[in-house]
Amino acid sequence: MDARDRLIVGLDIPTVSEARAIVSTLGDDISFYKIGYQLVFAGGLDFARELIDEGKKVFLDMKLLDIDNTVAKGVENIARMGVSMLTLHAYPKAMQAAVEAAKGSGLTLLGVTVLTSMDEADLREAGYDCDPRSLVLRRAGQARDAGMGGIVCSAEEAAAVRPIVGPDMNIVTPGIRPTGSDAGDQKRVMTPADALRAGSSHLVVGRPVVKAPDPKVAAQAILAEMAGAL
């Protein structure tokens with residue numbers, strides 16, 4: 001994969017019309033887009049189908065978690081959409097149900113380990129008696145054992161995760177911030193080049209592109225930095 005295959009632009013914006021404008025602005029430079037809760041609840045699923053019909057790849061970031069049957073039925077319908085990647089929380093039973101439901105499709109399932117907005121204090125507040133790194137490594141092993149296509153984790157953990165999941169599983173890392181950009185609400189961040197060197201397979205970049213004065217220039221700069229690290 002080259003840099004263009006590895007960069008996923010997060011369409012974390014409020015309306016489909018704004019998302020469509022960003023995609024138009026970025027043109028052929030970007031082929032992979034993430035659609036999450038904000039856009040999904042503003043018509044984003046239909047827009048995902050539109051992108052797929054245009055030959056783009058879609059990463060549907062829904063972080064599914066429910067009883068096994070509900071997860072499985074949801075995954076079956078998402079696979080039929082032609083989505084490339086889908087997230088669910090990395091709980092073993094949910095992952096096992098999702099893997100079974102996605103068999104025979106082109107859908108890559110990603111287990112979300114620990115949100116990049118969370119640090120050790122946040123985990124302890126949520127009832128976990130461990131640090132983010134320890135929980136990420138445990139869930140990475142569980143995702144591997146369940147047969148998942150990859151995991152989502154901070155780039156800070158990518159180097160430690162890669163030996164656990166092996167060379168073929170995807171490691172998708174949000175919290176990517178080009179040098180000099182604002183971390184926002186992310187607490188575990190890394191630059192694009194450093195993330196690739198650490199073992200990330202795909203980088204998710206949202207605000208540094210979509211909120212930039214010139215999104216196309218911002219995306220091209222990130223792609224250039226990534227290409228230099230590959």
Side-chain angles (χ1 to χ4, degrees), residues 8 10 12 34-41 44 59-76 78 83 85-102 107-166 169-177 182-190 194-195 198-207:
I8 304 172
D12 299 320
K34 178 181 81 76
I35 294 177
Y37 286 139
Q38 183 180 22
L39 198 57
V40 160
F41 296 124
F59 168 18
L60 194 58
D61 188 19
M62 294 304 295
K63 301 180 180 72
L64 300 181
L65 181 61
D66 212 309
I67 63 173
D68 298 358
N69 185 64
T70 301
V71 168
K73 295 304 180 184
V75 168
E76 287 174 3
I78 290 168
V83 167
M85 288 181 169
L86 170 71
T87 54
L88 57 148
H89 281 289
Y91 285 65
K93 289 189 69 179
M95 291 191 291
Q96 292 160 12
V99 167
E100 187 64 28
L107 179 62
T108 296
L109 297 170
L110 304 173
V112 177
T113 55
V114 178
L115 300 176
T116 53
S117 61
M118 300 183 75
D119 57 18
E120 185 169 355
D122 296 319
L123 283 181
R124 294 192 183 280
E125 182 68 19
Y128 292 93
D129 189 21
C130 61
D131 60 275
R133 179 186 174 92
S134 298
L135 185 55
V136 167
L137 298 184
R138 180 180 181 184
R139 287 183 166 171
Q142 291 169 332
R144 176 203 61 210
D145 294 344
M148 296 282 283
I151 67 161
V152 179
C153 68
S154 163
E156 289 185 358
E157 290 106 21
V161 163
R162 182 53 75 190
I164 294 173
V165 301
M169 279 182 69
N170 294 291
I171 299 178
V172 180
T173 52
I176 301 300
R177 293 292 183 267
D182 183 11
D185 59 359
Q186 304 284 4
K187 295 181 178 177
R188 297 175 0 261
V189 301
M190 192 173 285
D194 286 343
S200 299
S201 63
H202 297 77
L203 311 184
V204 180
V205 183
R207 280 166 286 186

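FYI, side chains are in, hydrogens and waters are out, and symmetry mates aren't considered; it's all heavy atoms of this structure.
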* Asked: Can you check whether Val204 reaches Asp61 side chain to side chain, under 4.5 Å on heavy atoms?
  -> no
* Could you give the distance from CE (Met169) to OG1 (Thr108), rounded to the nearest 0.5 Å? -> 10.5 Å
* Could you tell me whether a side-chain N or O of Thr87 sits under 3.5 Å from a main-chain N or O of Met62, the two making a donor and an acceptor? => yes
* Structure fact -> Between Thr113 and Ala140 the two heavy atoms that sit nearest each other are CG2-N, 4.3 Å
* Under 3.5 Å, side chain of Thr173 to main-chain N/O of Ser154, donor-acceptor pair present? -> no
* Got a sec, which residues hit side-chain hydrogen bond (donor to acceptor under 3.5 Å, both in side chains) with Gln38, two or more places apart in sequence or on another chain? -> none
* Asked: Under 30°, 30 to 60°, or over 60°: which ring-plane class applies to Tyr37 and Phe41, parallel, tilted or perpendicular?
  -> parallel
* Working for side chain to side chain contact (heavy atoms under 4.5 Å, CB included), residues Val161 and Leu137 -> CA-CA 6 Å; Val161 163; Leu137 298 184; 3.8 Å; yes
* Nearest non-hydrogen partners of Ile151 and Leu110, listed with the distance -> N-CD2, 4.0 Å
* Please name the pair of heavy atoms, one in Ala158 and one in Gly199, separated by the smallest distance, quoted to 0.1 Å. => CB-C, 4.3 Å
* Structure fact -> Tightest non-hydrogen contact, residues Phe59 and Leu86, listed as CD1-N, 4.5 Å
* **Results of side-chain hydrogen bond (donor to acceptor under 3.5 Å, both in side chains) for Ser134 - residues two or more places apart only** => Asp131
* Structure fact -> Heavy atoms of Ala94 and Asp68 approach each other most closely as N-OD1, 4.4 Å
* Any donor-acceptor pair under 3.5 Å linking the side chain of Arg139 with the backbone of Val114? -> no
* **Leu109 side, atom CG; Asn170 side, atom CG - distance, nearest 0.5 Å** => 11.0 Å
* Value rounded to 0.5 Å, distance of CG in Leu39 from CG in Leu60 -> 10.0 Å
* Structure fact -> Closest non-hydrogen contact found for Ile35 with Gly44 is CD1-O, 3.8 Å
* Asked: Any donor-acceptor pair under 3.5 Å linking the side chain of Arg162 with the backbone of Gly166?
  -> yes
* Rounded to the nearest 0.5 Å, how far apart are CD of Gln142 and CD1 of Ile164? -> 11.0 Å
